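The structure under discussion appears below in the form of structure tokens.
All heavy atoms count here, side chains included; hydrogens, waters and symmetry mates do not. Everything numeric here is computed off the predicted structure, so don't read it as measured data. All chains are named by letter (A, B, ...) in the order of the sequence lines, taking the proteins before the strands, and each is independently numbered beginning at 1.
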Number of protein chains: 2
Amino acid sequence: MARPTMEDVAKRAGVSRALVSLVMRGSPKVSEQRRTAVLRAAEELGYSPHAMARSLASRTSTVLGVMVSDLHNAFFAEVVDGLDSVAREQGFELIINTGGRSPARERRALDSLLSFRPAGLALLSPVVPTAAISTAADHLPIVLVARSSRVSTVDTVNDDGEQGVGLAVDHLVSLGHRDIVHLDGGEGSQAGPRRRGYVSAMARHGLDPRVVDSEYTDTAGARAVQELRGGGRMPTAVISCNDFNAVGAISALEEAGLGVPGDVSVVGYDNTSLAALRHVSLTTVDQPRNEMGRLAAEALLQRVRGERTDPVRHLLHPSLVVRSTTAPPGGAS
Amino acid sequence: MARPTMEDVAKRAGVSRALVSLVMRGSPKVSEQRRTAVLRAAEELGYSPHAMARSLASRTSTVLGVMVSDLHNAFFAEVVDGLDSVAREQGFELIINTGGRSPARERRALDSLLSFRPAGLALLSPVVPTAAISTAADHLPIVLVARSSRVSTVDTVNDDGEQGVGLAVDHLVSLGHRDIVHLDGGEGSQAGPRRRGYVSAMARHGLDPRVVDSEYTDTAGARAVQELRGGGRMPTAVISCNDFNAVGAISALEEAGLGVPGDVSVVGYDNTSLAALRHVSLTTVDQPRNEMGRLAAEALLQRVRGERTDPVRHLLHPSLVVRSTTAPPGGAS
DNA sequence: CTACAGCATTGGAGCGCTCCAACCAATAGA
DNA sequence: TCTATTGGTTGGAGCGCTCCAATGCTGTAG
């Protein structure tokens, strides 16, 4: 049960502990002969270095902390993938924690990450107050993903939601739609920019905006459509705040006997794996999630290496993915 | 930037380092007066204990390592949630890593987790060879989720896939179906038990089994249906190896002009959030995922506390969730 | 033959903490 | 009054490692 230590390896290889340390870190100033002896001894004993002891002694860390607000959201899975691949390349490990969208739980998750003294911290769409973040930022580099911030010591990575929804509006307008409704994400992260993007794009085309309150879930999307039906004029196209909402809207439309895209076109947001399912085949706006993760990791590592102290604010360009839920209006499919 | 240490707190509170340590660990043998003095000093300095130093000094760990084979699969998100809640209750932290379904990457993920000397390790549907697992099991408690093992030092938590598919068959038979096909999960984890469950349940009902090769993805499900169409007789019901596969099958059926469940009933497996979407509303088999996570954490912690050395093999009962993709045969919806 | 590089190697201090034996009142028991 | 006992407190050793100054060793120049 007890694992061998560096001391054990040193004894077995007939060298000093310091030499083993050099070999383990791949130092060039070790003779070939000793190196192989040490490596053999380590192999025989099944030795593997103790990351915590190393980090304590070297006063450095090769750990990046990641707080995911909600693991259930596939959006984060891809961001984490991006983070992971960059971190790994550069010899860093990820330790991940979840906050469950509750400020209290998130706070504890944050503390527990900090107690590991990671080299940096990536917070994915956190809900903790800014104050907690900026306090932590005094001690280590922090990058926020999918949440903006004005704290000058914090980097941010976001997609340009305004632009993204603008793309959706342009697409629908170019198909001939003029009556386009936005199902709003309410308090949800990034719902604001998306709404603003909708309103300003509509204005740009000289069209009247119509915003219906909704949320980031499929049931909310369905409910919003039911309200629209009750409330009179049905639009020819709907732009949802995200893919789940869009899928809910589609099923409510179909239940009401309205064809998609025959009678109503629907656009989502996020390009989750859900949208790509052939059964759904949703026209949606893609955020470069993997890229966002990569940029977040790079921002962190730049600060860790002391290459930069000014904050960066990445605002990535989303792109429109046209699938089967959009078509010209009235052109009963 | 430099964080205060226990020494700093001790100095400020006018006590010894050891006393601060006692306070931090909530020892009862500290006078109220000193305790408050220490806590105030800690508060003023913004001190928080250094988890790694603590773990090194105490030769114990409050960390549980979790290796998730694939973060994109929502199945794991809920298992992790279950693990997380139990771990948190008992004062343990999770550190999560991903293996990306590649043995090589998983191997490195495993090593990196081990280098933190966690108290225990939970492997979710790992693909690394058994040898690697049993070697690691010499050093610390390990629990496997969604993968069985005969290694006597390893605990396992699985759902009873045989029983689960049996439920699906029973349900379809009771609706009147006799021509039921299984779309097989191939090499996928737990595909074996599911296939066996199908075959034996069909035998129990005196029906001929028909297994079509497929995989755990929606495109594979669609392809399997296309093969079925090419190959002659269409069954009245299909049991997919998982929900994604089922969704793919449904869209291929609909494209072929066959109604679900009017012409063909479809059952999935896993009860992912996808199945619950009203647009999909898939009849499927539910694994108690959160429960699986909880049991995994408890198994680990029992070993950590030395309460048990014999392996446990949890085999949980799945349940059938009937939604809108199953109906009596021929009863053209 | 001495001096001095240059290099591989080493012992020791120290990272922030826990743990233990020792210590020091203050009180209780004889 | 003296010795136990108890409860609170402390210094020091040590966890497994890194880092640095110092060491020994070879080889080459003076």
Side-chain angles (χ1 to χ4, degrees), chain A residues 1-39 41-42 45-63 91 93 114-119 139-140, chain B residues 1-39 41-42 45-63 91 112 114-119 139-140:
Chain A
M1 207 75 177
R3 297 212 136 211
T5 79
M6 204 167 247
E7 195 76 50
D8 300 324
V9 176
K11 210 169 292 169
R12 182 171 190 111
V15 299
S16 72
R17 198 183 55 253
L19 215 235
V20 177
S21 171
L22 289 174
V23 172
M24 286 303 153
R25 283 175 290 148
S27 161
K29 44 172 76 178
V30 177
S31 69
E32 210 41 56
Q33 179 197 355
R34 305 270 184 155
R35 179 190 306 290
T36 56
V38 167
L39 289 177
L45 292 173
Y47 170 80
S48 89
H50 190 309
M52 294 194 177
R54 165 177 294 181
S55 142
L56 184 60
S58 64
R59 266 141 292 186
T60 62
S61 168
T62 60
V63 169
E93 302 295 337
L114 287 174
S115 75
F116 285 95
R117 303 290 190 272
H139 296 295
L140 80 176
Chain B
M1 205 75 177
R3 297 211 136 211
T5 78
M6 203 168 247
E7 195 76 50
D8 300 325
V9 177
K11 210 169 292 168
R12 183 171 190 112
V15 298
S16 72
R17 197 182 58 255
L19 214 239
V20 177
S21 171
L22 289 175
V23 172
M24 286 303 152
R25 282 175 291 147
S27 162
K29 43 173 75 176
V30 178
S31 68
E32 210 41 57
Q33 179 197 356
R34 306 271 182 150
R35 179 190 306 288
T36 56
V38 167
L39 289 177
L45 292 172
Y47 170 79
S48 89
H50 191 309
M52 294 193 177
R54 165 176 293 181
S55 141
L56 184 60
S58 64
R59 265 140 293 188
T60 63
S61 169
T62 60
V63 169
S112 110
L114 287 175
S115 75
F116 284 96
R117 303 291 188 270
H139 296 296
L140 82 175

Inset, instruction - Only counting residues at least two apart or in another chain, list the ones meeting side-chain contact (heavy atoms from CB on, under 4.5 Å) with A/A41. - result: A/V9, A/R12, A/A13
Legend entry - Taking every non-hydrogen atom, the tightest pair across A/P4 and A/L45: CG-O, 3.4 Å
Inset, instruction - Under the salt bridge (Lys or Arg N to Asp or Glu O under 4.0 Å) rule, collect the residues that match up with A/R34, sequence neighbours excluded. - result: none
For residues 14-24 of chain A, run the donor-acceptor check on the side chains, cut-off 3.5 Å, and write out each pair with its distance to 0.1 Å, sequence neighbours left out.
from, atom 1, to, atom 2, distance (Å)
A/S16, OG, A/L19, N, 3.3
A/S21, OG, A/R25, NE, 3.2
A/S21, OG, A/R25, NH2, 2.7

Legend entry - Residues in side-chain contact (heavy atoms from CB on, under 4.5 Å) contact with B/Q33, at least two apart in sequence or another chain: B/S31
Inset, instruction - Enter the inter-axis angle for the ends of the helix from C/dC1-D/dG30 to C/dA30-D/dT1 (five pairs per end, rounded to 10°). - result: 70°
Taking only distance into account, with no hydrogens and no angle test, what donor-acceptor pairs under 3.5 Å do side-chain atoms of residues 47-56 of chain B form with protein atoms, sequence neighbours excluded?
from, atom 1, to, atom 2, distance (Å)
B/S48, OG, B/R3, NH1, 3.2
B/H50, ND1, B/M52, N, 3.3
B/H50, ND1, B/A53, N, 3.2
B/S55, OG, B/T60, O, 3.3

Inset, instruction - List for me each residue that meets salt bridge (Lys or Arg N to Asp or Glu O under 4.0 Å) alongside B/R117, sequence neighbours excluded, and say none if there are none. - result: none
Inset, instruction - At the 4.0 Å heavy-atom cut-off to chain A, mark where contacts on DNA chain C begin and end, going 5' to 3'. - result: C/dA8 to C/dG16
Legend entry - Contacts of B/A119 that satisfy side-chain contact (heavy atoms from CB on, under 4.5 Å) - sequence neighbours left out: B/S61, B/L64, B/F92, B/V304
Legend entry - Neighbours of DNA chain C within residues 12-21 of chain A, by heavy-atom distance under 4.0 Å: A/V15, A/S16, A/R17, A/A18, A/L19
Legend entry - Separation between OG1 of B/T5 and CG of B/D8, rounded to the nearest 0.5 Å: 4.0 Å
Legend entry - Residues within residues 22-37 of chain B bordering DNA chain C, heavy-atom distance below 4.0 Å: B/R25
